[in-house]
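Everything below concerns the one structure shown next.
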Amino acid sequence: LPGAYSADKSGSPPCLPCPTGGVCAGGGSPAQPAPGFAPSDSSPDGFVSCGSGPGCGSQGCKRGYRGPECTDCEQDFFKLGQRCTKCDGRVVPMILVLFVLGIAVAGALLWFNTRTGEVHKFGAIMIGLNSLQITAIYGKLALNWGTLGETWMVITSLSTYNLDLLTLECLNDEVKWKVKWIFTLCLPLLFIIPFAIVFVVGLFFVRRAAKKTNETVEEAEVGDDLHSQDDEVAMTRDSLVDATKRAYYQLLVILFLPLASAALGFYSCTRRDGSRFWRLDDARYVRCYDEGYWGLFPVAVIGTLLYVVGIPLAVCRLLFKKREQLSELEFALRYGFLVGRFTAEAFAYELAIMGRKIGVVLAMVVFRDVINKANAALFVLGVCLVHLTLTMPYCASLHNSMAIVCLAAVSLVLWGGTMQHDDMRPAIVLGGIVLNIVTMLGGFVLDWRQIRADEEGAGAENFDASVEEGLLVSGGEG
């Protein structure tokens with residue numbers, strides 16, 4: 001009869017009541033999953049809720065999805081965000097893109113740390129990067145972001161060096177969460193390669209500049225006025241090494257959020273109704289608390305100690321120790337990447353930014369329900385927004401305003417994702433994204449113009465001083 005099924009699969013008695021989450025047509029038809037449910041991993045005739053994931057169809061998993069709760073991808077499909085997408089030959093191009101991105105990041109950080117001017121105060125870049133990284137983390141939440149929202153989170157995941165972008169499953173179906181998780185925890189080691197490449201290139205230019213300087217000095221006549229040359233001290237091999245160390249240290253600060261998210265995400269496990277297994281929230285097809293999980297547990301603990309605890313402690317020790325040892329000017333010049341954009345009173349505000357990031361990650365780990373995760377993260381961002389507004393830690397008023405708007409924008413995106421109203425949700429999410437983009441672009445342009453204006457002003461002052469010195473010398477000779 002409808003509403004019952006036979007465990008014999010042949011329709012022979014006894015007939016059993018249709019299981020929860022199933023649809024039974026009666027006769028010899030087996031029980032089928034109802035919309036929003038998938039076959040259970042713990043009972044051959046049971047069903048488990050798919051949650052709000054995109055892989056659950058009207059009768060089991062959609063095409064491209066498989067596994068418990070329809071969260072794994074079939075062969076020739078790759079996982080990006082919450083969705084499984086057909087492989088399309090992007091593996092090699094994406095590997096090249098991330099490799100070139102790594103070299104670009106290493107080169108930019110090294111260049112910033114060789115400057116002695118106002119470049120390290122380009123705070124708009126770091127403010128924008130922090131907002132992009134927070135947005136990228138939202139992609140882990142199985143919320144209905146809409147097509148534009150999901151696309152934006154995939155784009156922003158470049159800021160966290162998301163290895164899902166490599167689509168390695170298309171090369172080998174055995175490449176799953178475990179491989180990418182370990183590689184993510186090894187990102188500081190992997191970045192040694194682009195840093196080595198950039199250092200070798202930098203060393204080549206340092207030696208060439210030194211050779212050119214020596215040739216210029218040898219050709220110069222005795223008594224020539226050498227004061228017209230650039231006052232900035234030429235880069236040496238030792239100074240390049242020192243700048244590379246500082247740049248790598250800055251990289252660890254930038255990678256703090258993805259490293260902390262990977263390490264702490266290992267502890268986030270939930271069990272859905274209809275299943276007796278606990279599963280990893282970051283990869284629902286991975287079981288928790290079995291032999292494989294406990295085998296990786298020491299790796300997660302080491303990652304937690306090194307990154308979640310180690311990086312903030314190292315930054316804290318560096319800032320407070322070096323501030324006592326060095327003069328105010330030398331401290332600002334050497335560690336401008338950490339303190340240059342903040343006021344003297346808020347020189348350690350980078351630690352507050354790290355606290356904001358770890359707060360969002362913990363909100364997504366401690367709570368089990370996706371709405372509770374989002375609301376807890378919203379609470380963290382709200383507290384941080386109030387703290388930012390009260391402290392106004394940036395030297396430039398532009399940076400304070402930009403930081404407040406960007407933080408409010410990413411909070412708006414998350415709040416929009418929790419909305420139940422189908423018409424309001426995409427509008428709020430899109431509004432937050434647009435507000436964030438416009439604020440970042442406007443901040444970048446205004447920041448760059450201000451830096452150029454400062455440099456031109458400094459150049460004019462040096463020119464005026466040189467002219468004045470020349471007149472004094474001429475007057476003395478006359």
Side-chain angles (χ1 to χ4, degrees), residues 20-21 33 36-44 46-56 61 65-74 78-84 137-143 160 162-164 168-169 173-186 257-309 358-374 376-377:
T20 302
F37 288 83
S40 173
D41 55 355
S42 56
S43 173
F47 301 96
V48 60
S49 172
C50 286
S52 55
C56 211
C61 301
Y65 298 85
R66 66 183 178 187
E69 304 174 20
C70 302
T71 53
D72 194 8
C73 296
E74 291 181 343
F78 66 90
K79 192 75 173 286
L80 194 55
Q82 300 294 324
R83 298 188 179 275
C84 293
I137 292 296
Y138 296 165
K140 291 187 174 186
L141 297 175
L143 295 172
T160 61
N162 181 13
L163 297 186
D164 285 343
L168 295 177
E169 302 96 321
D173 188 52
E174 297 301 320
V175 177
K176 295 296 182 183
W177 167 85
K178 176 181 176 181
V179 175
K180 291 182 285 188
W181 179 71
I182 292 177
F183 270 90
T184 300
L185 292 178
C186 291
L257 181 58
L259 292 173
S261 178
L264 293 179
F266 184 83
Y267 311 111
S268 180
C269 299
T270 54
R271 183 177 60 182
R272 297 268 172 85
D273 293 338
S275 175
R276 61 186 178 89
F277 296 117
W278 291 80
R279 297 193 171 276
L280 201 65
D281 287 336
D282 286 350
R284 295 297 301 170
Y285 55 88
V286 177
R287 290 186 187 178
C288 295
Y289 316 130
D290 62 0
E291 184 178 356
Y293 179 88
W294 293 118
L296 293 174
F297 190 79
V299 180
V301 172
I302 293 173
T304 302
L305 294 177
L306 283 178
Y307 303 137
V308 181
V309 179
I358 200 66
V360 171
V361 173
L362 285 174
M364 298 184 181
V365 170
V366 173
F367 295 91
R368 296 178 181 174
D369 180 75
V370 65
I371 297 297
N372 291 337
K373 291 174 183 284

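With rounding to the nearest 0.5 angstrom, the SG atom of Cys84 is 9.5 Å from the CZ atom of Phe78. Here the OG1 atom belonging to Thr270 is positioned 8.0 Å from the CZ atom belonging to Arg368, to the nearest 0.5 angstrom. One finds the OH atom of Tyr267 at 11.5 Å from the CG atom of Leu280 (value rounded to the nearest 0.5 Å). Interatomic distance, Glu169 CD to Asp164 CG, rounded to the nearest 0.5 Å: 6.5 Å. To the nearest 0.5 Å, atom OH of residue Tyr65 and atom CD of residue Glu74 are 10.5 Å apart. Lys79 NZ to Leu168 CG: the interatomic distance, rounded to the nearest 0.5 Å, is 15.0 Å.
Considering only residues two or more places apart in sequence or on other chains, Thr184 meets the side-chain hydrogen bond (donor to acceptor under 3.5 Å, both in side chains) condition with none of them. Listed by chain and residue number, Ala363, Phe367 satisfy the side-chain contact (heavy atoms from CB on, under 4.5 Å) test with Ala376 (two or more places apart in sequence, or in another chain). Judged as a side-chain hydrogen bond (donor to acceptor under 3.5 Å, both in side chains), and not counting sequence neighbours, Asn162 has no contacts. Every residue two or more places apart in sequence or in another chain that forms a side-chain contact (heavy atoms from CB on, under 4.5 Å) with Val361 is listed here: Leu257, Ser261, Leu264, Val365. For Phe266, the ring pair (Phe, Tyr, Trp, His ring centres under 6.0 Å) partners at least two apart in sequence or on another chain are Trp181, Tyr293. Applying the salt bridge (Lys or Arg N to Asp or Glu O under 4.0 Å) criterion to Asp282, with sequence neighbours excluded, gives Lys140. Residues forming a side-chain hydrogen bond (donor to acceptor under 3.5 Å, both in side chains) with Tyr289 (at least two apart in sequence, or on another chain): none. For Asp72, the salt bridge (Lys or Arg N to Asp or Glu O under 4.0 Å) partners are Arg66, Lys176, not counting sequence neighbours.
Minimum interatomic distance between Ile358 and Ala260 (heavy atoms only, all atoms of both residues): CD1-CB, 3.8 Å. The shortest heavy-atom contact between Cys269 and Asp281 is N-OD2, 4.0 Å. The minimum heavy-atom distance linking Val360 with Ile137 is given by the pair CG1-CG2, 4.5 Å.
Checking side-chain atoms of Tyr138 against main-chain N and O of Leu143 turns up no donor-acceptor pair under 3.5 Å.
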In a table with atom names and distances, give each donor-acceptor pair under 3.5 Å that connects a side chain of residues 295-302 to protein atoms at least two apart or in another chain.
none

